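For clarity, every value in this text was computed on a predicted model and none was experimentally measured. The sequence lines fix the lettering, A, B, ..., with proteins before strands; numbering per chain opens at 1.
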Amino acid sequence: MQTHILHELTWRGLLAQRTHQDELDQLLASPGVRLYCGFDPSNSSLTIGNLVPLMCLVFFWRHGHRPIALVGGATGRIGDPGGKSAERNLLSDEQIQYNLSCIQRQIEQIIARARTLHPETLPPGGGAHTIDMANNADWMAPWSFLDFLRDVGKLFRVNTMLTKDSVRSRLENREQGISYTEFSYMLIQAYDFFHLFEQEGCVLQVGGNDQWGNITAGTDLIHKKTGQTAYGVTFPLLTTASGEKIGKSEKGAIWLDPERTSPYEFYQYWIQRQDADVIQLLKTFTFLSEEELRAAQADLDAGKNKGQLQQRLAQEVTDLIHGPEETQKAIRASRMLFGEAIQDVNDALLNQIFADVPSTSLERQRLFAGLDLIDLLVEAQLCASKGEARRLIKQGGAYVNNSRQDDNTPLTEAHLASESMLVLRSGKKTYHVVRFR
RNA sequence: GGUGGGAUGCCCGAGCGGCUAAAGGGGACGGGCUGUAAACCCGUUGGCAUUGCCUACGAUGGUUCGAAUCCAUCUCCCACCA
C-alpha cells in the first residue's frame with residue numbers, strides 16, 4: 001500500500017476533521033506513525049458503530065503506521081458526556097472489568113481475522129508488529145485526586161472546557177445538566193493522550209467526530225506540557241440515507257457478540273441495506289479497493305445492482321466478525337429461508353439451518369388433535385394477541401414451511417417439515433421454528 | 001410565591017356532553033411491485049368472542065339516562081411574572 005492514508009480515508013468518506021492539515025499530511029507520508037483510538041467499556045460487546053474506528057485503525061495499519069487500541073478502564077469509570085443527552089449511571093468496577101475483557105477479546109479477534117482473511121491489510125513487510133492494546137486504568141489508577149488536580153487540572157481552563165460541544169449541549173439542557181464527574185472526563189482522555197505521547201511516542205489520536213473536543217483537549221495538553229505538537233483526526237458519524245444512525249435496527253443495536261446478535265441476524269442486517277447506503281457501507285466496513293468500489297458505484301448508477309452489492313457487503317463483514325464458517329452457515333440459511341417451500345428435509349438439516357432462529361418446543365400430542373394456527377402464532381410470539389394472529393392470516397402473512405396459510409385450518413402431523421419440526425413465518429422475514437417432542 | 005396553559009391510543013395531534021375504540025399524520029405490521037433494496041400502491045393497527053362484551057382519553061370522586069368532553073380534589077409538566 002503506497003498511497004497516503006489520508007487519501008484512503010478521504011475516498012472512503014471517513015475523514016471529517018483534522019488538526020494541522022499540511023503538517024499532518026507530511027507526517028503521515030512516511031510510515032511508522034504511532035497513533036491511538038479509544039474504546040469505551042460501557043457495554044460487554046462492541047456494536048457495528050464501534051466497528052468504524054476499528055476499521056480506521058486497520059486502515060492506518062495497512063499504511064505502515066502503528067496503532068494502539070485503547071480500552072478505557074479508567075474513562076469508563078467516569079462516563080463520556082459526549083453524544084449523551086443525559087448523565088449516565090456509573091457501572092460497577094466488576095462490570096467494567098468484565099466489559100473490558102470482552103471488548104478486548106473482540107478487538108483482538110477482529111484484528112486477527114483482518115490479518116488472515118485480508119493479507120492486503122497487513123503493513124508493508126508482512127506485519128511483524130500488530131495493533132497494540134492498552135488500558136488507561138494502568139496509568140490512571142495510581143494518581144491521587146490532589147496530584148491530578150495540581151499536575152493536570154491546573155493546565156485546563158474551565159472557560160475553554162465550557163465551549164466544547166459535549167459539555168455545552170448538556171449545559172444548555174437545563175433539565176439534564178452535567179455532573180462534575182462527567183465534566184472532568186475530558187481531562188482524563190487528554191491525559192491519556194499525553195501519557196501515550198510520552199511513553200509510546202504516540203503523536204496522533206483518531207476518533208469519531210464527537211470526540212473532536214476531547215482530542216483537541218489532548219493536543220492542547222501535550223503542547224502545554226512539552227511544547228510539542230500532537231495531532232488529531234476524526235471521521236464522520238455515519239448515518240443512512242434516511243438519516244438514521246448506522247447499526248441500529250428496529251430491534252436495537254447490532255452487536256458484534258454472536259450471543260446478542262446471531263451471525264444470521266448480523267448477515268441479514270447487511271443484506272437488507274438499501275442501495276442508497278450500500279456504497280458508503282462497503283467503503284467503511286470492507287477492504288474493497290478504490291477501483292472495485294468505483295466499479296460498484298458504476299453498476300449501481302447503471303441500475304445493474306440486483307442486490308449483489310448487499311450480498312458482498314454482508315459476506316465481507318460477517319467474515320470479518322464471525323469468521324467464514326459462520327458466514328457460510330448464514331448464507332445457507334438465508335438461501336433456504338428466502339427460497340422455495342421447505343420440504344424433503346430432515347431434523348438435522350433444519351437444526352443446522354435454523355440454529356440462530358428463535359424456537360419453541362411443544363408436546364407432540366397437540367398435533368394429533370389438530371393444532372390451532374392462531375394459538376400457535378401467539379405461543380411462538382410471532383403475534384402479540386389472537387386478534388393480531390387472525391389479522392395476519394387474513395392478510396396473507398402467515399406461512400407454515402414457507403407456504404401461505406389462508407385460513408385457520410388446524411395443523412396436524414402432515415404439516416411437519418421434517419421428523420419433528422415445523423417452520424413458521426410471519427411476513428417476509430420473521431421466522432420461528434417449532435419443535436415437537 | 002402569583003397568574004395562565006396543558007396531560008388523549010406506540011409517538012405527534014384533533015375532539016370539548018350522545019353519531020367516539022376516538023379524525024389526521026408518523027411509526028409499526030401485512031399484501032402488491034421488485035432485488036430479502038429504495039420509491040410507489042393497497043390494507044391493518046386495544047383485548048376477547050360466530051352481529052356482542054370488556055378495557056381505554058393523567059389519578060380519584062361527583063353531576064347526568066349518557067362524559068375523553070361538565071364540576072371538585074390531587075399528581076405531574078410547560079409558559080409568563082415575582
Side-chain angles (χ1 to χ4, degrees), chain A residues 85-86 172-177 239-252 254 261-283 285 296-318 327-342 353-354 356-358 372-410 423-432:
Chain A
S85 57
E172 282 166 1
N173 183 351
R174 283 189 293 151
E175 289 297 300
Q176 288 300 338
T239 54
T240 67
S242 41
E244 293 130 6
K245 255 194 188 165
I246 296 271
K248 291 254 190 271
S249 72
E250 294 72 31
K251 291 176 194 105
I254 306 294
T261 300
S262 70
Y264 168 74
E265 286 173 282
F266 188 86
Y267 180 84
Q268 284 290 321
Y269 172 80
W270 299 103
I271 279 281
Q272 290 168 13
R273 294 308 90 200
Q274 60 187 66
D275 284 7
D277 294 326
V278 73
I279 297 289
Q280 181 59 56
L281 292 172
L282 283 164
K283 284 177 178 172
F285 293 106
Q297 180 73 63
D299 278 358
L300 197 64
D301 292 342
K304 280 201 284 190
N305 181 39
K306 292 272 188 268
Q308 297 92 327
L309 292 176
Q310 282 84 343
Q311 277 174 32
R312 182 75 196 272
L313 173 69
Q315 185 241 311
E316 290 282 339
V317 187
T318 313
T327 307
Q328 286 313 312
K329 281 191 207 163
I331 291 175
R332 221 163 13 152
S334 299
R335 283 214 188 105
M336 183 61 127
L337 267 47
F338 291 93
E340 294 301 301
I342 297 171
I353 292 168
F354 290 93
D356 290 340
V357 172
D372 191 59
L373 180 58
I374 291 173
D375 289 343
L376 185 60
L377 286 166
V378 175
E379 273 189 72
Q381 293 184 323
L382 282 175
C383 295
S385 68
K386 287 186 177 188
E388 199 179 307
R390 249 179 230 119
R391 217 177 294 134
L392 186 72
I393 294 170
K394 199 168 121 205
Q395 293 183 141
Y399 302 79
V400 172
N401 304 328
N402 275 354
S403 93
R404 179 177 282 170
Q405 303 301 111
D406 297 320
D407 53 23
N408 191 24
T409 312
V423 182
L424 275 180
R425 187 178 116 206
S426 150
K428 284 180 189 160
K429 299 168 186 172
T430 317
Y431 281 90
H432 192 98

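- Among the protein residues, A:Gly307 comes within range of the nucleic acid bases, having at least one heavy atom under 4.0 Å from a base atom.
- If you find the closest nucleotide of RNA chain B to A:Ser426 and to A:Tyr267, the one lying nearer the 5' end belongs to A:Ser426.
- Taking the P atoms as reference points, B:G13 lies 24 Å from B:G18, given to the whole Å.
- Nucleic acid contact for A:Ile271: base, since at least one base atom lies under 4.0 Å from a heavy atom of the residue.
- Here, B:C40 and B:G52 have their C1' atoms 40 Å apart, quoted to the whole Å.
- To the nearest whole angstrom, the two C1' atoms, one in B:A28 and one in B:C12, are 15 Å apart.
- Contact between the side-chain N/O atoms of A:Lys386 and the OP1/OP2 oxygens of B:A49 is found at a separation under 4.0 Å.
- Here A:Gln308 lies out of heavy-atom contact (under 4.0 Å) with every strand.
- More than 12 non-hydrogen atoms from other residues, nucleotides or ligands lie less than 6.0 angstrom from CD of A:Gln272.
- As a whole-Å value, the separation of A:Ile393 CD1 from B:U44 P is 17 Å.
- In this structure, A:Ile374 places its CD1 atom 12 Å from C1' of B:C48, rounding to the nearest Å.
- In this structure, A:Lys394 reaches neither bases nor backbone, as no heavy-atom distance under 4.0 Å exists between it and the strands shown.
- Evaluation of atom-type donor-acceptor distances gives no pair under 3.5 Å for the side chain of A:Glu388 against the base of B:U45.
- Remark: A:Ser385 is in phosphate contact with B:C48, judged by side-chain N or O atoms under 4.0 Å from OP1 or OP2.
- In terms of phosphate contacts, A:Arg391 brings no side-chain nitrogen or oxygen within less than 4.0 Å of OP1 or OP2 of B:G43.
- Scanning atom types as modelled, one donor and one acceptor separated by under 3.5 angstrom connect the side chain of A:Gln310 and the base of B:G35.
- At B:G35, none of the side-chain N or O atoms of A:Lys428 fall inside 4.0 Å of OP1 or OP2 (strictly under the cut-off).
- Nearest-nucleotide positions on RNA chain B place A:Asn305 closer to the 5' end than the other of A:Val378 and A:Asn305.
- Taking the C1' atoms as reference points, B:G46 lies 14 Å from B:U20, given to the whole Å.
- Nucleotides B:G9 and B:G15, compared at atom C1', are 14 Å apart to the nearest Å.
- Put simply, A:Tyr399 has a side-chain N or O that comes within less than 4.0 Å of OP1 or OP2 on B:G31.
- In terms of modelled atom types and a separation under 3.5 Å, the side chain of A:His432 and the main chain of A:Ala380 share a donor-acceptor contact.
- Taking atom C1' on both nucleotides, B:A14 is separated from B:G31 by 30 Å, rounded to a whole Å.
- A distance of about 15 Å separates the C1' atoms of B:U69 and B:A23, rounded to the whole Å.
- Within the 3.5 Å criterion, the main-chain N or O of A:Asp299 finds no donor-acceptor partner in the side chain of A:Asn305.
- For A:Asp375 and A:Lys386, the salt-bridge test passes: some basic side-chain N is under 4.0 Å from an acidic carboxylate O.
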